[in-house]
Amino acid sequence: MIFFYIAIALLLIYGILFQYYSSWWQAIPHFNMDGFKDWKPTVKISVIVPARNEQENIANCLHSICKQNYPSHLFQIIMVDDNSTDKTFETAAAIFYDEIEIIRLKLNTPNNVAPKKRAIETGISIASGELIVTTDADCIAEPNWLRSIAAYHHQSKNVFVAAPVKIKDGKSLLSKFQALDFLTMQGITAAAVFKRFHNMCNGANLGYEKKIFYEVHGFTGIDNIASGDDMLLMNKIAKQYPQKLGFLNAQQAIVTTLPAAGWRAFLQQRIRWASKATHYNEAGIFLVLILVYLTNLLIFCFLLLGIFQKFALLLFLLLCIAKFFMELFFVKNVATFFKQSYLLPWLFILQPLHIVYIVVSGFLGQFKTYEWKGRKLK
């Protein structure tokens, strides 16, 4: 029973943490674009889109960026094809818009250490904008995406802006699982960045000043790590500008990304995300990750014991129910923001699967190489 009491203790701390996240989420000021109806932006934006094997998605991504409600002379798009083996570059090369500058680069030399970082860095090196905005090639942006980022940057004076991302869920169980898990992470991101409790962000929707990127020497020092073009860079910037990072709490700023196509691709993605955990040099995020992992690990142990003892299986179910109620209020509020409240019933149903996924992906992320867009990385 000692393990059960330890699990209860960790779960209580976990619940308290989620109550803090919930209160911080509700305290985040909504960035109201109504006050910027007549605002005339002056900052030039360079949108960097790293892409590898995205021939099915790159056109929709570029079209959504080209249709932005932002002066065409004040933004450019730089699509960097990272040695794709499909027709990503050819598809992008066929897209033209009058008065919008679209630069297409193709990197033909493979980089199996940190390929995405190299693609972003290459794009930034030729960018003419003062503000760098990054997104992924499978993302779709809202029409006021760039306008909201520019307005928030103008008002807040923050040098680094994390912005919201949501996963487009479909009919499959996997897509619903991903969407629910991802919106929870986005809520934690927003709450933690707002309260300056720890740093989190997602590279699918980021903005930062070009001069700051070079001031912190870009990806130097983290360029030997395959993942982390977002959070590891954020940590570097946070060291020099701890009060100049913010989260843009505006629905107009949301970009929508696609779920992983299958369970294997999903696990590979999450192993890639987990692989950077030991490289965080910030105590806050590291302690949170340890707490989350140990809590789920102990609950998972009761699932394994349940194979031999029915009583352990009952304890596992009780812990799942407790975890569900500790997360519910927070997830409900975040799901409302992303207009995905219809996913809430799945929060309870998918608890066992979520616990197993946290344990497995967290473990494999530290010891296993993973595959990303046809490359083996570590």
Side-chain angles (χ1 to χ4, degrees), residues 1-26 167 169 173-189 191-192 197-198 200 263 266-267 269-271 273-274 277 284-336 340-367:
M1 289 296 290
I2 185 66
F3 288 108
F4 180 71
Y5 294 130
I6 295 174
I8 287 291
L10 285 174
L11 196 55
L12 285 173
I13 299 172
Y14 180 88
I16 292 169
L17 176 63
F18 262 80
Q19 290 307 305
Y20 275 111
Y21 281 142
S22 185
S23 64
W24 297 339
W25 167 266
Q26 294 180 83
I167 285 183
D169 61 284
L173 179 69
L174 176 59
S175 71
K176 296 181 189 302
F177 178 75
Q178 290 180 74
L180 195 54
D181 176 61
F182 197 79
L183 72 84
T184 304
M185 287 193 289
Q186 281 290 292
I188 292 171
T189 296
F197 180 56
H198 59 71
M200 282 182 72
W263 288 100
F266 168 67
L267 185 59
Q269 179 192 63
R270 298 313 167 94
I271 291 173
W273 291 0
I285 184 64
F286 188 74
L287 290 174
V288 167
L289 291 174
I290 291 294
L291 171 64
V292 170
Y293 190 79
L294 289 179
T295 301
N296 283 278
L297 177 62
L298 282 176
I299 298 175
F300 176 72
C301 287
F302 284 97
L303 175 62
L304 294 181
L305 288 173
I307 299 172
F308 308 101
Q309 299 178 3
K310 291 183 179 180
F311 183 65
L313 187 59
L314 176 61
L315 294 179
F316 168 75
L317 293 174
L318 289 174
L319 290 170
C320 284
I321 292 170
K323 180 173 176 286
F324 161 73
F325 280 109
M326 288 175 176
E327 297 169 348
L328 179 59
F329 186 68
F330 172 70
V331 176
K332 179 178 180 293
N333 287 330
V334 179
T336 300
Q340 292 181 306
S341 297
Y342 53 86
L343 292 171
L344 283 176
W346 292 96
L347 182 64
F348 177 72
I349 297 169
L350 294 172
Q351 279 293 330
L353 179 60
H354 187 259
I355 290 166
V356 173
Y357 135 73
I358 289 290
V359 172
V360 172
S361 63
F363 177 79
L364 294 180
Q366 308 313 311
F367 302 103

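The basis for the numbers below is simple: all heavy atoms, side chains too, and nothing from hydrogens, waters or symmetry mates.
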Which residue pairs pass the side-chain hydrogen bond (donor to acceptor under 3.5 Å, both in side chains) test with at least one member in residues 289-317, sequence neighbours excluded?
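Applying side-chain hydrogen bond (donor to acceptor under 3.5 Å, both in side chains) to every pair that reaches into residues 289-317, excluding sequence neighbours, yields nothing.
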
Check residues 177-187 and write down every donor-acceptor pair under 3.5 Å in which the side-chain atom is one partner and the other belongs to a residue at least two apart or another chain.
| residue | atom | partner | partner atom | Å |
| --- | --- | --- | --- | --- |
| Gln178 | OE1 | Ala260 | N | 2.7 |
| Gln178 | NE2 | Ala260 | O | 3.2 |
| Asp181 | OD1 | His354 | NE2 | 3.0 |
| Asp181 | OD2 | Arg270 | NH1 | 2.4 |
| Asp181 | OD2 | Tyr357 | OH | 2.9 |
| Thr184 | OG1 | Leu180 | O | 2.9 |
| Gln186 | OE1 | Val165 | N | 2.8 |

List in chain and number order the residues that pass side-chain contact (heavy atoms from CB on, under 4.5 Å) with [X], two or more places apart in sequence or in another chain; answer none if no residue qualifies.
{"X": "Ile349", "value": "Trp346"}
{"X": "Leu289", "value": "Ala277, Tyr280, Ile285"}
{"X": "Thr336", "value": "Ser341"}
{"X": "Gln26", "value": "Ser22, Phe329, Asn333"}

Cut-off 3.5 Å, no hydrogens considered: what does the side-chain donor-acceptor table look like for residues 6-17, sequence neighbours left out?
| residue | atom | partner | partner atom | Å |
| --- | --- | --- | --- | --- |
| Tyr14 | OH | Glu327 | OE2 | 2.5 |

Could you state the interatomic distance from CZ (Phe311) to CZ (Phe4), rounded to the nearest 0.5 Å?
7.0 Å

Could you check if a side-chain atom of Leu303 sits within less than 4.5 angstrom of a side-chain atom of Ile355, using non-hydrogen atoms only?
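No. Closest side-chain heavy atoms not under 4.5 Å.
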
Can you find a pair of side-chain heavy atoms, one from Ile188 and one from Trp25, that are under 4.5 Å apart?
no

More than 12 heavy atoms of other groups within 6.0 Å of Tyr342 OH:
yes

For Tyr20, check ring-ring contact (aromatic ring centres under 6.0 Å, His included) against everything at least two apart and list the hits.
Trp24

Sequence neighbours left out, what passes ring-ring contact (aromatic ring centres under 6.0 Å, His included) with Phe325? Give chain and number order.
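Phe325: no ring-ring contact (aromatic ring centres under 6.0 Å, His included) contacts found.
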
[X]: what forms a side-chain hydrogen bond (donor to acceptor under 3.5 Å, both in side chains) with it, not counting sequence neighbours?
{"X": "Ser175", "answer": "Ser172"}
{"X": "His198", "answer": "Tyr21"}
{"X": "Ser23", "answer": "none"}

